[in-house]
**Q** 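This structure is in structure tokens; I'll ask about it shortly.
One-based numbering along the sequence shown.
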Amino acid sequence: MNDKPIYVTEPYLPPLDEFIPYLEQIWASKKLTNNGPMHQQLEAALRDYLGVPEIALFNNGTIALLTALQALRISGEVITTPFSFVATGHALLWNGITPVFVDIDPQTFNLDPRKIEAAITPRTTAIMPVHCYGNPCDVAAIQEIADTYNLKVIYDAAHAFGVEDKGGSILRHGDLSAISFHATKVFNTFEGGAIVCPDAKTKRHIDNLKNFGIVNETTVVASGINGKMSEINAAFGLLQLKHIDGAIRRRAEVDHLYRHRLKGVDGIQLPDFHRQVVSNYAYFPVRVGRGYGLSRDDLYERLRAQDIYARRYFYPLVSDHSVYRGGESLTPSSLSHARSAADEVICLPMSASLSEEQVEFICQIVRASRGEVSYG
Ligand code: T4K
């Protein structure tokens with residue numbers, strides 16, 4: 001039935017021949033990187049597409065996060081979520097900042113604003129929440145706390161490309177938002193990322209930091225980094241942008257199909273968070289509860305046995321990795337909701353290239369593993 005492996009995510013690749021004219025332009029210009037024409041065009045195109053004031057492209061989402069923290073001179077302690085990819089915590093550690101892990105809301109998988117205040121100390125300078133799976137955080141509650149305690153807010157918006165709430169792009173919230181354009185993301189440039197900035201002055205500062213702090217041939221004003229996106233990545237982004245609406249529409253269909261086929265399977269809880277105005281359908285996490293009979297890990301193995309590579313995003317918790325345990329990081333409260341999410345959630349394959357038959361096959365395995373139907 002399944003003639004090739006199915007991965008948790010698969011990059012969306014437009015037809016190869018559509019990319020050739022972009023390559024020809026790069027070859028003709030001999031401008032390969034350092035704010036070339038493709039880079040400039042992609043920044044303008046993304047600013048329009050996303051409806052954000054300013055955007056600074058990066059070579060990946062992790063360097064974007066590192067630079068966002070540098071740009072705001074964040075130090076001391078930062079409150080964040082343990083239920084994320086390790087890059088979230090690593091960006092803090094690489095800046096010499098102490099991550100303070102606070103529990104999540106079990107409904108949204110995002111940092112629980114009700115738990116934040118208890119974790120604030122005189123060393124706290126910022127909150128770094130994650131829009132987990134592209135599901136928006138409670139941005140109003142987080143901003144209220146930040147305003148009360150004079151804290152910065154940096155969103156790890158790695159998953160949140162194109163997501164909107166009633167007021168527009170979710171990326172406009174907080175002081176800065178960092179996105180990822182990695183191959184596995186809804187919008188990809190092979191490797192890539194960006195910081196969404198509120199104004200041109202902030203963008204100039206961030207552009208300077210991502211280019212070694214260079215102002216001109218003889219002047220360097222900051223100990224910046226090399227965070228620049230190359231022309232080839234930017235060109236791929238321009239092409240990808242032409243196809244993005246269709247790709248997100250297809251993801252929505254896959255999401256709908258999963259919900260339909262998995263509805264009513266005992267013990268399987270489907271995500272209930274597409275209430276934002278515009279979703280990007282970045283992931284399809286399901287929660288494997290006690291009623292299912294098998295554990296989440298058993299289901300993971302059953303799927304693997306059929307060449308279906310679902311993933312346990314996000315297990316282990318960031319705070320449970322050895323580099324965080326007993327080190328600089330702090331866990332002021334119980335992480336019980338994060339812990340049960342890490343033990344029970346599995347992300348089923350989600351991409352624009354999944355066929356109806358593939359989704360049906362995956363759902364059959366999920367149902368059959370509970371003893372409801374047979375598959376072969
Ligand atoms: N913050 C958050 C919340 C994040 O989730 C991430 C990245 C970041 C920050 C940092 O952004 P970047 O610096 O990466 O831009 C993957 C991605 O590498 C990572 O970008 C992503 N989060 C994370 C959630 O997923 P892995 O270790 O699971 O990747 P990997 O190589 O196992 O890929 C997953 C599956 O995707 C593979 O089984 C096959 C498929 N795949 C992967 C690649 C790379 C493809 O089909 N083609 C490909 O080119 O981390």
Side-chain angles (χ1 to χ4, degrees), residues 9-68 70-71 87 157-158 160-162 169 171 176-197 200 202-217 219-248 352:
T9 51
E10 197 171 282
Y12 177 74
L13 289 171
L16 183 58
D17 57 351
E18 291 185 24
F19 196 39
I20 306 297
Y22 293 87
L23 295 178
E24 285 169 350
Q25 282 181 55
I26 294 172
W27 258 243
S29 74
K30 295 203 167 127
K31 182 79 179 168
L32 307 188
T33 186
N34 289 11
N35 198 25
M38 297 290 176
H39 185 284
Q40 290 175 28
Q41 283 174 54
L42 183 60
E43 281 194 342
L46 284 175
R47 205 173 48 219
D48 288 352
Y49 180 84
L50 296 170
V52 293
E54 295 289 348
I55 187 163
L57 297 179
F58 274 80
N59 48 5
N60 63 61
T62 305
I63 300 287
L65 266 182
L66 282 174
T67 309
Q70 283 280 327
F161 181 91
S169 174
L171 304 169
L176 295 172
S177 287
I179 338 173
S180 166
F181 302 152
H182 182 261
T184 55
K185 298 297 189 290
V186 170
F187 171 82
N188 92 81
T189 57
F190 283 40
E191 288 274 3
I195 298 178
V196 170
C197 326
T202 310
K203 175 173 159 52
R204 275 197 301 280
H205 178 40
I206 285 169
D207 283 345
N208 175 259
L209 284 177
K210 81 175 188 198
N211 187 29
F212 311 100
I214 293 173
V215 173
N216 59 41
E217 279 181 36
T219 314
V220 171
V221 294
S223 53
I225 200 166
N226 182 355
K228 292 168 278 119
M229 178 183 277
S230 84
E231 285 293 275
I232 212 151
N233 298 101
F236 187 75
L238 284 168
L239 174 58
Q240 176 97 189
L241 207 50
K242 289 189 178 163
H243 294 268
I244 192 69
D245 288 338
I248 293 176

**Q** Any idea which heavy atoms bring N208 and A222 closest together, and the distance?
**A** OD1-CB, 4.0 Å
**Q** Is there a side-chain contact between S29 and E24 (heavy atoms, below 4.5 Å)?
**A** no
**Q** Between F19 and I232, does a side chain to side chain contact (heavy atoms under 4.5 Å, CB included) hold up when you go through it step by step?
**A** CA-CA 10 Å; F19 196 39; I232 212 151; 4.3 Å; yes
**Q** A side-chain contact here means heavy atoms from C-beta on lying under 4.5 Å apart; do L176 and V196 qualify?
**A** no
**Q** Under a 3.5 Å distance rule, please check whether T219 uses its side chain to pair with a backbone N or O of N216 as donor and acceptor.
**A** no
**Q** Nearest heavy-atom pair of A64 and A194: which atoms, and what distance?
**A** CB-O, 3.8 Å
**Q** Decide side chain to side chain donor-acceptor pair (under 3.5 Å) for T184 and H182; before the verdict, give the C-alpha distance in whole Å, the side-chain angles of both, and the deciding distance to 0.1 Å.
**A** CA-CA 5 Å; T184 55; H182 182 261; 2.8 Å; yes
**Q** So do the side chains of I26 and K31 get within less than 4.5 Å of each other, counting heavy atoms only?
**A** no
**Q** Is the shortest side-chain heavy-atom distance between V215 and V220 below 4.5 Å?
**A** no
**Q** Checking the side chain of E231 only, and the main-chain atoms of M38 only, is there a donor and an acceptor separated by less than 3.5 Å?
**A** yes
**Q** So how far is it from I55 CD1 to L171 CG, rounded to the nearest 0.5 Å?
**A** 7.5 Å
**Q** Given F236 and Y22, is the ring pair (Phe, Tyr, Trp, His ring centres under 6.0 Å) satisfied, shown in steps?
**A** CA-CA 8 Å; F236 187 75; Y22 293 87; 9.0 Å; no
**Q** Any donor and acceptor pair, going by atom type alone, linking the side chain of N211 with main-chain N or O of I214 inside 3.5 Å?
**A** no
**Q** Say you draw a straight line from CZ of F58 to CG of L66; how long is it, rounded to the nearest 0.5 Å?
**A** 9.5 Å
**Q** Within 45° of the ring axis of F161 and under 6.0 Å from its six-membered ring centre, is that where the NZ or CZ of K185 lies?
**A** no
**Q** Distance check, rounded to the nearest 0.5 Å: I206 atom CD1 versus Q70 atom CD?
**A** 11.5 Å
**Q** Please report the interatomic distance CD(Q240) to CG(L42), rounded to the nearest 0.5 Å.
**A** 10.5 Å
**Q** Nearest heavy-atom pair of N35 and Q40: which atoms, and what distance?
**A** O-NE2, 2.9 Å
**Q** Is the number of heavy atoms from other residues, nucleotides or ligands within 6.0 Å of NZ (K242) greater than 12?
**A** no
**Q** If you measure only the distance, is there a donor-acceptor pair under 3.5 Å linking the side chains of N59 and K228?
**A** no
**Q** I'd like to know whether L57 forms a side chain to side chain contact (heavy atoms under 4.5 Å, CB included) with I195, so could you lay out the CA-CA distance, the side-chain angles of the two residues, the decisive distance to 0.1 Å, and finally the verdict.
**A** CA-CA 7 Å; L57 297 179; I195 298 178; over 6 Å; no
**Q** Please report the shortest heavy-atom distance between S177 and A157, naming the atom on each side.
**A** CB-CB, 4.2 Å
**Q** Could you check whether E43 pairs with K203 (Lys NZ or Arg NE/NH1/NH2 to Asp/Glu carboxylate O, under 4.0 Å)?
**A** yes
**Q** Output yes when a side-chain donor or acceptor of N188 lies under 3.5 Å from a complementary backbone atom of F190, and no otherwise.
**A** yes
**Q** Rounded to the nearest 0.5 Å, what separates atom CG in L238 from atom CG in L46?
**A** 8.0 Å
**Q** Tell me the closest heavy-atom pair linking S169 and V52, and the distance in Å.
**A** OG-CG1, 3.6 Å
**Q** I need the H205 NE2 to K210 NZ distance, nearest 0.5 Å.
**A** 13.5 Å
**Q** Give the C-alpha distance, both sets of side-chain angles, the deciding distance and a yes or no for side chain to side chain contact (heavy atoms under 4.5 Å, CB included) between I225 and F212.
**A** CA-CA 5 Å; I225 200 166; F212 311 100; over 6 Å; no
**Q** Taking all non-hydrogen atoms of both residues, which atom of P21 and which atom of D17 are closest, and how far apart?
**A** CD-O, 3.4 Å
